[in-house]
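A short write-up of the structure that comes next.
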There are 2 protein chains.
Amino acid sequence: MTLAPPEFCTCLALRQAARHVSQFYDQHLAPSGLRITQFSILAKLKARGPLTINSLAEALVMDPTTLGRNILPLQRDGLIAVVRGVGDRRSKELRLTDIGLERLNEAWKYWAAAQAGFDAAFGSRQDSELRTLMRTVASTELVAE
Amino acid sequence: MTLAPPEFCTCLALRQAARHVSQFYDQHLAPSGLRITQFSILAKLKARGPLTINSLAEALVMDPTTLGRNILPLQRDGLIAVVRGVGDRRSKELRLTDIGLERLNEAWKYWAAAQAGFDAAFGSRQDSELRTLMRTVASTELVAE
DNA sequence: TTGACATAGCCGCATATGCAGGTATATTAG
DNA sequence: CTAATATACCTGCATATGCGGCTATGTCAA
């Protein structure tokens with residue numbers, strides 16, 4: 001059984017879809033000055049309260065190193081506060097600031113427009129199936145031997 | 001109807017899944033010295049013959065600027081040849097070299113292991129559905145007004 | 001022919017991604 | 001208590017991503 005890689009590569013298919021949709025969301029979010037990655041970080045911090053880099057990275061299915069760099073622009077712009085962990089001084093606690101919350105709320109409507117736009121184009125029934133499937137994929141245990 | 005962004009963001013779900021799966025494929029591909037993006041470029045060039053940056057970018061659902069940069073390491077390592085277009089001298093023709101083909105063939109088996117590994121973990125029936133769905137997503141017309 | 005417009009790819013800028021390997025702090029075995 | 005180990009984060013490296021605006025080339029109409 002021979003599979004032709006480019007045509008049947010699941011990873012490529014996923015990346016293409018992610019690129020395509022990310023571009024759409026980013027275009028919608030542009031007036032807010034946030035990208036979809038940054039919006040996701042702020043939204044997660046709002047939903048789950050202060051988090052360390054490790055725990056937030058896990059929640060976002062992101063490498064901690066990557067997150068550690070992604071927070072820098074947000075910190076620079078005062079959207080999040082980064083403080084030394086009290087219990088564990090190795091860790092850093094990330095917290096949404098008032099300014100961050102304000103920016104998040106402003107970006108919210110642009111996000112909603114993007115989500116609605118995708119929904120309209122793709123079909124809201126399929127859309128919710130898609131999210132469910134993506135969550136399954138993201139939580140599928142994959143171990144390279 | 002209010003949706004909570006982080007939990008129901010289709011874009012975030014897609015990106016998370018793409019990150020998760022890409023990491024897995026990249027780990028498998030590591031011994032070949034290629035990343036999944038590079039593998040995809042070489043594979044597409046093999047399948048479709050010489051292509052310009054624009055046409056290859058479209059085939060890969062990638063911004064031409066991005067592709068223009070992604071080919072640089074491949075060109076540097078002699079895996080692809082880049083020549084001025086004959087008909088249209090603005091364009092560049094990308095062609096897989098013999099070395100590139102060799103590398104691609106070597107990477108092939110690592111790719112196959114990754115694909116098989118994902119298939120085993122995720123379920124081959126769901127896997128093929130997933131690819132189909134991703135292609136639908138990637139080809140869904142999305143226009144930010 | 002030549003001027004207006006379109007197109008292919010480029011550069012600068014900023015962010016996104018993750019591996020290897022390092023430091024500082026915490027935890028735990030002896 | 002201290003030495004071994006584990007953990008949280010960081011740095012350097014390399015690639016990935018796409019926008020805005022640029023140059024060079026091509027096309028087409030006046």
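Residue numbers begin at 1 in each chain, while the letters A, B, ... track the order of the sequences.
With hydrogens and angles disregarded, a donor-acceptor distance shorter than 3.5 Å links the side chain of Q115(B) to the backbone of F8(A). Judged by distance alone, with hydrogens and angles left aside, the side-chain atoms of R95(B) form no donor-acceptor pair with the main-chain N or O of G49(B) at under 3.5 Å.
Counting heavy atoms of neighbouring residues, nucleotides and ligands inside a 6.0 Å radius, atom CZ of R125(A) does not exceed 12 of them. The environment of CG in L101(B) is crowded: more than 12 heavy-atom neighbours from other residues, nucleotides or ligands sit within 6.0 Å.
Rounded to an integer number of Å, the gap from Q16(A) CD to dT17(D) P is 10 Å. For the pair L51(A) CG and dC9(D) C1', the interatomic distance rounds to 16 Å; values are reported in whole Å. As rounded to whole Å, 13 Å separates atom P of dC19(D) from atom CZ of F24(A).
Atom CG of L29(A) and atom CG of L34(A) lie 7.0 Å apart (nearest 0.5 Å).
For the segment residues 56-77 of chain A, residues with any heavy atom less than 4.0 angstrom from an atom of DNA chain D are, sorted by number, T65(A), R69(A).
Considering only side-chain N and O atoms, Q27(A) lies under 4.0 angstrom from the phosphate OP1 or OP2 of dC19(D). Within the 4.0 Å cut-off from OP1 or OP2 of dC9(D), not a single side-chain nitrogen or oxygen of R89(A) is found. For dC19(D), the OP1/OP2 oxygens have no side-chain nitrogen or oxygen of R35(A) closer than 4.0 Å.
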Q) Can K46(A) and N105(A) be said to form a side chain to side chain contact (heavy atoms under 4.5 Å, CB included), step by step? A) CA-CA 10 Å; K46(A) 184 193 176 188; N105(A) 286 334; 4.0 Å; yes

Q: Kindly indicate, with the supporting measurements, whether the criterion side-chain hydrogen bond (donor to acceptor under 3.5 Å, both in side chains) is fulfilled by N70(A) and T37(A).
A: CA-CA 8 Å; N70(A) 287 351; T37(A) 302; 5.5 Å; no

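Counting distance only, with no hydrogens placed and no angle test, the side-chain atoms of R19(A) and the base atoms of dT17(D) include no donor-acceptor pair under 3.5 Å.
Toward the 5' end of DNA chain C, the nearer of the two residues R84(A) and S55(B), judged by each one's closest nucleotide, is S55(B). Nucleotides of DNA chain D nearest to R15(A) and I53(A) differ in position, and the one nearer the 5' end is that of I53(A). Ranked by how close their nearest DNA chain D nucleotide is to the 5' end, S91(A) and D26(A) are led by S91(A).
Along DNA chain C, the stretch of nucleotides lying under 4.0 Å from any heavy atom of chain B spans, 5' to 3', dA6(C) to dC19(C).
In this structure, the ring of H28(A) has its center less than 6.0 angstrom from the ring center of F24(A).
At the heavy-atom level, T52(A) lies under 4.0 Å from the strands shown only through sugar-phosphate atoms.
In this structure, a donor-acceptor pair under 3.5 Å is present between the side chains of R15(B) and S22(A).
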